[in-house]
Every structure is written in C-alpha cells, then in structure tokens.
Amino acid sequence: SIKVWGLSLGSSGVLFVGLLFGHFGYGLPPIIGTIGLVIFVYCVGIGAGSRFFGSLKKHGVNFALLSMVVVGIAAAATWGLAKLAGLPTDLAVGIFAGSLTSTPALAAGLEAIPQEESLISIGYGIAYPFGVVGVVLMVQLLPRLMKVNLQDLGKKLEQEDPETRNVGQQLVRVTNPNLYGQKISEKNFFAATSCTISRVLEKDRLRPLRYDDVFEEDGIVLLVGFEDKVGHAVDFLGQVEERRLPRDTDRELRNLIVTSSEAAGQSLRSLETLKNYGVVVTRITRGDVTFVPNADTVLESGDSLVSVGQPDDLETFATKIGHRKQANFETDILSFAVGITLGVLLGLLPFGGGDQPFTLGLAGGPLFVGLILGHFGRIGRIVGFIPRPTRLLLSELGLVMFLAQAGTRGGGAFVATVEQYGAVVFLIGAVVTLLPLLVAVPLAQLVWKFNLLQSLGGVCGGMTSTPALGTITAKTDCQVPVVSYATAYPVALIMMIILTKGLVQALGLPAG
C-alpha cells in the first residue's frame, strides 16, 4: 500500500515480503499457493468473460493479434538474451513473467519447473519493479513524443464508440405530424439512435408507457438513450421540453436481476416486455458496462435491468426473470466449486503426444472455464455470475496466497542469485519490458489503424499492466483505452501461459 511518486506494488508487495521471509528460512505449504492460484485465475476469467468474446467479435481479432505480438516479442527477447548471458532456464522464465507483471505466467513456470530450489520467483522479483514502473513511464512519454493530447483525443472518440457513452434522458414534446396516432410500441422508431421511450405525460404526471399508447400532437414523452444520440431522436420527434416533473421512481422504477434460466438467453423481442408485462427496459448493466438495449438484445444471467412500469406489472416481470432482492449479492457456492473443479480438470488434460504433452496447467484451465462461464452466465445449472465485490475479494485473496507461497519458496536463493549474475539480470528485465512497447504501439497504429488511446490501452492489456492503464485513464475520461485493455488482457494471459511453457521447452530444463 506504500506509494512512491503515485505508484504502489499493490498485492504484489506480498511477493517481496515473501522473498524476505524465505531468505531467513520461513516457508508456506505448497497447497496454499495452489489453492490461491486456482481461485485467482478463475475469478479473473469470470470477470473478463462478459467482455472478452463480445469485444473480440466487435473489434475483430486485431486486439488478440496485438496481445500475441506483445507477448511474442517479450518471449523472443527473453530467449535470446538468456542464451547470450547464459542464464538458467528458471531464472529467465521468472524474468519473462516479472517483466510483463504476469502472475499466471509465474504460476505456469512454477508448474513447468517444479524443483524446490527453482529461481523463477527470484527472476520474477528482479524484473517486476521495472515491469510496473517502465510501462507507466512509457505510456506517459509516448503521447508527449507524438504530441498528442489524450484528453482532446478522448473527447473526440467518446462520441464514436457506444461502449464509451453515458446514458441520459430528455423530456420531448412531439411535434412531428407523421407520428400522430401511431402506436409507440408498435414500431422501432429509434433503432438507429439506440433510444427508447419509457414514460408519457398524463395529467401533469409522468407515468410508465403502456402497450397501446400512441403519439399525440404536443404530447410529452420521456426519452432514454446515449447522451450523444438523444439529440437525433429529439429532432425526429419534435422539440426539447424544458419543464421538470417529479416521478414516483421508487414505485415505478426498479433494478431487476435476471436469474431465471428461462429468461436468460431470450431477446427482449421474444419476451415482448411491454405487451406481455407492461414494462419497458430502459437500461441494462452487464458486468461493468451499462447500455441501452434494443429489441434484439439477448438477456444474460446476472444482467441488471432498469425497468419502468406500474408496481404490479414490475412484480409480475420480476417473477418472470427470476429476480430476488439478494440476487445481485449472492454467490452460488456449488457452481463456484464445480467451475473451479472443471478448470482444474481441464488444466490437467494433456494435449498432443510424446513424452512431454502440453497441458494448460492450473493457471490456464481455470482461466478458460472462467472466461466461458463469465461469457454465457450460465451453462446448465452451473452459474457463472459472481457479484463484483465478492469476485474482487476472492481474486485478491487468492493472489495474496499464491504470491506469499511463491515468495517464500524462492527467497532462500535471492541474494546469492543477484550476486552471481550481477546487473545483467536487471538489464534483461528492462529490455524485455520496453522492447514490446516500442514495437507494438507503432505497429498497432500503422498496421491495424488504431488510434493512440486504443494502441496504449491494447498494449497495456498485452502487458497485463493495470497501473499503466490507470495512468492513461487519469489523463482522459474516455473509456476507449479501458475497452481496448479488457479485450487484449485475457488473450495476453492465455499467451503468457502458453509461451512460458514454450520457453521452458526452448531453453531446456535447468541442470540440478
């Protein structure tokens, strides 16, 4: 928690304390680290799954390719420099993981080289500080060298990407004569603008929309949609109505959580919420993203629906989608246990033949299962939804357990290793951190035509550097780098696990 120039190690500080205690002969049972690792990577997968596949579909495979380039350059640099400097495999693998601040890569290396005296944790501890600081410094330096103001660029981009826009509402007076008498719910007037009408004015009160409501001359309606698109819908309907009216929001607006397996997987069009239940769904929060749905939006387990309607209608709709007051705060412990078990089994499953078949390991298997369950929300009776506070707590706890065990495991040889190899190990760590950045950012802009915020966010995801992402978001309110980071991050985790095992094979197991 100690900050120096605004930077802190966060949970990774536990690793350095573990190295210190390990140096003085203290240790922890290996099972502590194993349990912590499995919980950590599974929760990471659950959290990233809701955005990962959707982002890949939307942005294509370019961010995935960017992650592969970043991790691939780092792995190639580690291999070449380790060969040149004569470093043992375990120390080189640790430097690779630390340079990219990748705990799953550290775990994959410890699995691949299970010797008790492995130098992997030491290499990780040597490279990690510059892995944090180096990326943070570079993402601050590059925009200055390129003479780009991130705040100005962010303001421009947030008008173009729907995932970065805020949801707003506006009272509108209907003056378009082409709409008079037409049923509001019958035609999707606002598909192009991602807006919807949730209420109409009646006797100086805004009441929830009914299925048979029609547009009336000088009628006043409440429009909900992305702030940058509401203006287009207003122009289509008529003109802005400046009055402000109170609404009985406590009784006519509720946040309802989807838990029913019958509702999850259905589109709003098939549910016909207004016709069948007298309810308009104005917003959906999925994971950390809030958006305005359309008729083709498919509900997922764990979705939070902002629903407008009469109290009795809201209650009926809540029953339909399986809403419970505590649904947004409950974790299905059985599903959690089954998901982790499936992840462990997948991680142990051998792929390919030969004496050394490839396995995803305990870092890769739970991550894959978490991504899949996080994306679908539910598979059969297995629920992938974990409330965000619970998920963050479990993830942090698992990470601390793993790092504590890994640190004490490698601490005994830390001083001797630094004395033996000297400053070259620190230099290699710096090169492995900086080289992917210097290559990937220009490549992203020239080959995939990313703007600078997309490039920086994607490279931070490829480097799994959350502190560097925080540095970028401190300079702009735009969420483009966050979306890019979220898309690239899971691919980078997978690539690091695969290439860590590949490095072990390419460098050869350490002698003794």
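These figures come from a predicted structure and were not determined experimentally.
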Q. Between Gly98 and Tyr124, which heavy-atom pair has the shortest distance, and what is it?
A. N-CD1, 3.4 Å
Q. Are Val258 and Leu305 side-chain neighbours, meaning at least one heavy-atom pair lies under 4.5 Å?
A. yes
(Q) Using side-chain heavy atoms (C-beta onward) and a distance below 4.5 Å, is Leu299 in contact with Ile284? (A) yes
Q: Report the residues that fulfil side chain to side chain contact (heavy atoms under 4.5 Å, CB included) with Ile382, sequence neighbours left out, ordered by chain and then residue number.
A: Ser335, Val338, Leu342, Leu373
Q: With rounding to the nearest 0.5 Å, note down the distance linking CZ in Phe336 to CG in Leu394.
A: 5.0 Å
Q. side-chain hydrogen bond (donor to acceptor under 3.5 Å, both in side chains) with Thr331: which residues, sequence neighbours excluded?
A. none
Q: Flag the pair Glu396 / Leu392 as yes when at least one side-chain heavy-atom distance between them is below 4.5 Å, and no otherwise.
A: no
Q.
Can you confirm whether Gln445 sits close enough to Met146 that some side-chain heavy atom of one is under 4.5 Å from a side-chain heavy atom of the other?
A. yes
**Q.** Minimum heavy-atom distance between Val369 and Gly343, given as atom pair plus value
**A.** CG2-CA, 3.5 Å
Q) For Thr341 and Leu345, what are the C-alpha separation, side-chain angles and deciding distance, and is it a side-chain contact (heavy atoms from CB on, under 4.5 Å)? A) CA-CA 6 Å; Thr341 302; Leu345 292 175; 4.3 Å; yes
Q.
I want to check something: taking the side chain as every heavy atom from C-beta on, are Phe402 and Ile39 in contact at a cut-off of under 4.5 Å?
A. no
Q: Mind checking side-chain hydrogen bond (donor to acceptor under 3.5 Å, both in side chains) for Thr297 and listing every partner two or more places apart, or none if nothing turns up?
A: Asn294
**Q.** Listed partners of Ala444 passing side chain to side chain contact (heavy atoms under 4.5 Å, CB included), at least two apart
**A.** Leu66, Trp448, Phe450, Ser455
Q.
Applying side chain to side chain contact (heavy atoms under 4.5 Å, CB included), can you list everything that pairs with Val447, at least two apart in sequence or on another chain?
A. Leu443
Q: Compare every heavy atom of Gly461 with every heavy atom of Ala492, then report the nearest pair and how far apart it is.
A: CB-O, 3.4 Å
Q | Minimum heavy-atom distance Pro88-Leu119, with the two atoms named | A | CG-CD1, 4.0 Å
Q) Do Leu37 and Leu110 come within less than 4.5 Å of each other through their side chains, counting heavy atoms only? A) no
Q | Closest non-hydrogen atom pair between Val491 and Ser67, with its separation | A | CG1-CB, 3.9 Å
Q.
The test is side-chain contact (heavy atoms from CB on, under 4.5 Å); show your working for Leu81 and Phe96 and say whether it passes.
A. CA-CA 11 Å; Leu81 293 172; Phe96 168 69; over 6 Å; no
**Q.** Closest heavy-atom pair and its distance - Thr408, Gln405
**A.** OG1-O, 3.0 Å
Indicate every side-chain donor-acceptor pair of residues 424-439 with a distance under 3.5 Å to a residue at least two apart or in another chain.
{"residue": "Thr433", "atom": "OG1", "partner": "Ser99", "partner atom": "O", "Å": "3.1"}
{"residue": "Thr433", "atom": "OG1", "partner": "Gly429", "partner atom": "O", "Å": "3.0"}

Q | Nearest-0.5 Å distance, CD1 of residue Ile46 to CD1 of residue Ile386 | A | 5.0 Å
